[in-house]
2 protein chains.
Amino acid sequence: MRKPAPPESAGEDKSSDIKTLSRRLKMSAVRPHDSGSGQSHLMYQGRLHGALARQLGVDILRGVYRQGEILPNEIDSSSSLDISRSAYREAIRILAAKGMVESRPKTGTRVTERARWNLLDPEVLGWMFETEPPHDFVKALFELRLITEPAAAELAAQRRTDEQIESMRHSLDIMKRETLQTEAGRRADLEFHHVLIQATDNEALASLSSSIGAAVSWTTRYKARHNALTRDPVPDHERVFEAVAAGDGRAARWCMESLIRMAHEDTERAFQN
Amino acid sequence: MRKPAPPESAGEDKSSDIKTLSRRLKMSAVRPHDSGSGQSHLMYQGRLHGALARQLGVDILRGVYRQGEILPNEIDSSSSLDISRSAYREAIRILAAKGMVESRPKTGTRVTERARWNLLDPEVLGWMFETEPPHDFVKALFELRLITEPAAAELAAQRRTDEQIESMRHSLDIMKRETLQTEAGRRADLEFHHVLIQATDNEALASLSSSIGAAVSWTTRYKARHNALTRDPVPDHERVFEAVAAGDGRAARWCMESLIRMAHEDTERAFQN
DNA sequence: GGCGGTTATTTTGTGTGATTTATAGATTTC
DNA sequence: GAAATCTATAAATCACACAAAATAACCGCC
């Protein structure tokens, strides 16, 4: 009694998307000359398989395709999207690599259970923030940040090199000048956090934080877009910096904790209006 | 019909591997009837693209291919491995999805800088533990665990449901009976941690912990293999369990911290002989 | 009638070759 | 010298064929 027939009947809501998907895919696949952003290396820039993976990934995350659901077979999918089977298959491989689908002969390709999705994969996080993400998820993400980042700051304070201090000071100067309203300012913010993480001398922590950091920078854009008046983040950053420079682990931890709480509050407020 | 004799390129430091790679690939691709294990859903079981991705992934992690290095082009690679371009390309897509390579026309496929690898991806972690991983990495991983898991335990203590308590108690009983020497015992250990993580009610944290948890369970096998005499882990688990059941966050955090320190010590000792 | 093994069918997996597109690097132009 | 243009190369895409795997249907058998 598994699932005798795929919920094909109610598929209209899906096929209406599919009609325009092909067009959208090719639109989104054309590389927009690195549209303004500058910071994000999007891994499969402008490639068809990448664009399709992103589209399917977003659809899965938003629940258009649900856990356990079986996607139409390769032939049908690729022909209705008007792309080659190869491109389609490569897109599926990408999603499989992120734990979101699983394919086997005869059975087809099915969406795996949510617990197996690599939610902290940088791209998956990016897809999550393509549209307004669920509040629960944002909350969970900040809760995780609140666990890891202060600890990271503490380690950084103990292990940082003088070079790293210099680099952070430089980024901080740019932030002061540019604020988070400009691309350069946001880049400096990311760079600041990046060097801070490098200073922990812990690869695993670095990998985690850079994923989350990138995702959180999307929320910064949300905030900017929603015109939510956010506090000036520079003083918070400065306090963290001072503590790390002084090698004071306890203080660094505490300041970072406070910085993240602020950021979370700002983000929550942005989502509420 | 086989291939029309691939162009035997000159033997270099790398091609010595390549000569046997094709054979090894197909050996490792044959699904060994889910060989005994039971727990690991290996995502691309027995598929050629999966086996190749794994092989290349391991080679990259071990430094056979280095950051910034450019792989031979598709044609040469696939023909020298005696596999089709499709399979090769799909393998590359998998690696690209994990941030380990990046391919563009004209340039070719190059290994990205290490900072961009998704080291916390479950499969990447698995590849890391295919052979004895670098001590630094194991240290970093335990340091990360030491940050996240105690915090997770604290949250779990505050949020767990009675059902989850029951489930954990059950796993603990199995562990007592089986120890970590048996597959069933290790499975119960994983299940215990899994439920604990579920109890945090934080998807992001859960995703992280399950990745790391799976990887760490490989070290358990190392320990068993190296006959390192490890302490009995049950009392530690029991203390954590009691604290979580009692809803005592502080105690849960502290017990978990101690549990992980023990596990780390045991692992270090196993690697040293 | 229920059961064990065999065959059919469906879907992904793999293989091949042709064609198109993107782009680093050389070349030319101003 | 800098900017625009050309060119060669490698990936990207496409199309089609066939193999392998896994489920579903079948069939004979007791």
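Basis for what follows: all heavy atoms, side chains included, without hydrogens, waters or symmetry-related copies. Here the structure is a predicted model, which is why all the values come from computation and not from measurement. Letters A, B, ... mirror the listed sequences (proteins, then strands); counts begin at 1.
- Listed here is the closest heavy atom pair of B:Gly99 and B:Thr112: O-OG1, 2.6 Å.
- Computed from coordinates, the A:Arg85 CZ to D:dA17 C1' distance equals 10 Å when rounded to whole Å.
- Atom CG of A:Leu48 and atom P of D:dA12 are 11 Å apart (whole Å).
- Proximity of B:Arg47 to the phosphate of D:dA19: no side-chain N or O atom is located under 4.0 Å from OP1 or OP2.
- Across C:dT12, D:dA22, D:dT13, the shortest atom-to-atom separation from the side chain of A:Lys106 is found for D:dA22.
- Listed pair A:Ser84 / D:dT13 fails the phosphate criterion, with no side-chain N or O lying under 4.0 Å from OP1 or OP2.
- An OP1 or OP2 oxygen of D:dA11 is reached within less than 4.0 angstrom by no side-chain nitrogen or oxygen of B:Arg89.
- Between the side chain of B:Asn202 and the backbone N or O of A:Ala140, at least one donor-acceptor pair lies under 3.5 Å.
- Atom pair A:Ile70:CD1 and D:dT23:P shows a separation of 11 Å (rounding to whole Å applied).
- Within the 3.5 Å criterion, the main-chain N or O of B:Ala204 finds no donor-acceptor partner in the side chain of B:Ser207.
- For B:Asn73 and A:Ala87, each mapped to the nucleotide of DNA chain D holding its nearest heavy atom, the one lying further toward the 5' end belongs to B:Asn73.
- The CD-C1' distance, from A:Glu90 to D:dA12, rounds to 8 Å in whole Å.
- Between B:Arg93 and D:dA12 there is a side-chain polar atom (N or O) within less than 4.0 angstrom of OP1 or OP2.
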